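First listed ligand is number 1; within each ligand, the first listed atom is number 1. Keep in mind it's a predicted model, so treat the numbers as computed, not measured.
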Amino acid sequence: MLYIHKRRTPDIVKRKTAEIINTPDSGYSAICLPEDTKQLRSLFEKMPKNEIREALYKEQHGLCAYCMRKIAPQYDSMKIEHYKALSEDKERALDYQNYMGVCYGGEKDKDEKPHILCCDAARNERKLTINPWNKRQMEAIGYRRNGEIFVRGDKGLDSKLVTDMQKDLDEVLVLNGKKDAEGKVVFDTASKLVASRRSIYQSVCTQFERWDEKKCLTKSFLKEKINFLEKQLQGDAMAEPYIGVRLYFYKRKYKKLEK
Ligand SMILES: [Zn+2]
């Protein structure tokens, strides 16, 4: 998971939101949640979704807001996620500032048993504490050698917050697949998130070995590699999938070299 710098609402989206809210015939003003969720969703369907997806795609550098898988701006490759669930917040249902681009969470992946969904497909309408727009939270995201994603307890976040965020990762967004009672991953998600992150870790290890053999694994060398990756997260650049994993291990190594 990565920090997402939310951009301004595209004008066409702003206009449509205002039009729906201000047209008495739209029925918007009479909507009462949660009983009128269906009506609100049908108003959301009237939003300019192609433009919304295109904007989200750019601001997220082509990656799912939760799992960092590759997404594309087409409707069958990206869902528009309401961070605050549509059934819960009428004002934010038609608000671009509440939208994230997310993957299909394994719904379109090979049907394996057990078929474990992730991201929005696992979350449904549940509340989240973890928030990709929160920089401090995202700076506390870490990865383990086995491919697990976790929340670091050493980044100055309150311990209750760390626990709640970890719960969101494991139980709401299911980014670590299915764990047993001891917390060991027993089944990966249908989208193979754990295996994909693990293979990034392994490729980083191979790189380190190779660079070490060539005697080029220095602080400045690694800094260049980190800058190269971080450039993919700027402007309208597109990022490689799971980029957060590679960055995490590069930065960890960089810290070690500093000592
Ligand atoms: Zn995803």
Checklist entry - To the nearest 10°, what's the angle at the Zn ion (ligand 1) between atoms SG (Cys64) and SG (Cys103)? => result 120°

Checklist outcome for this item: Checking Tyr250, Phe249, Tyr248 against Tyr201 for ring pair (Phe, Tyr, Trp, His ring centres under 6.0 Å), the one that qualifies is Phe249

Checklist entry - Can any side-chain N or O of Lys90 pair as donor or acceptor with the backbone N or O of Tyr28 at less than 3.5 Å? => result yes

Checklist entry - How open is the angle at the Zn ion (ligand 1) from atom SG of Cys119 over to atom SG of Cys67, rounded to 10 degrees? => result 110°

Item to check | Residue Cys118, metal the Zn ion (ligand 1), N/O/S under 2.8 Å | outcome: no

Next on the checklist: Applying the side-chain contact (heavy atoms from CB on, under 4.5 Å) criterion to Ile130, which one of Leu173, Leu175, Val172 satisfies it?
Outcome noted: Leu173

Checklist entry - So which of Asn176, Asn146, Asp188 actually passes side chain to side chain donor-acceptor pair (under 3.5 Å) with Arg197? => result Asn176

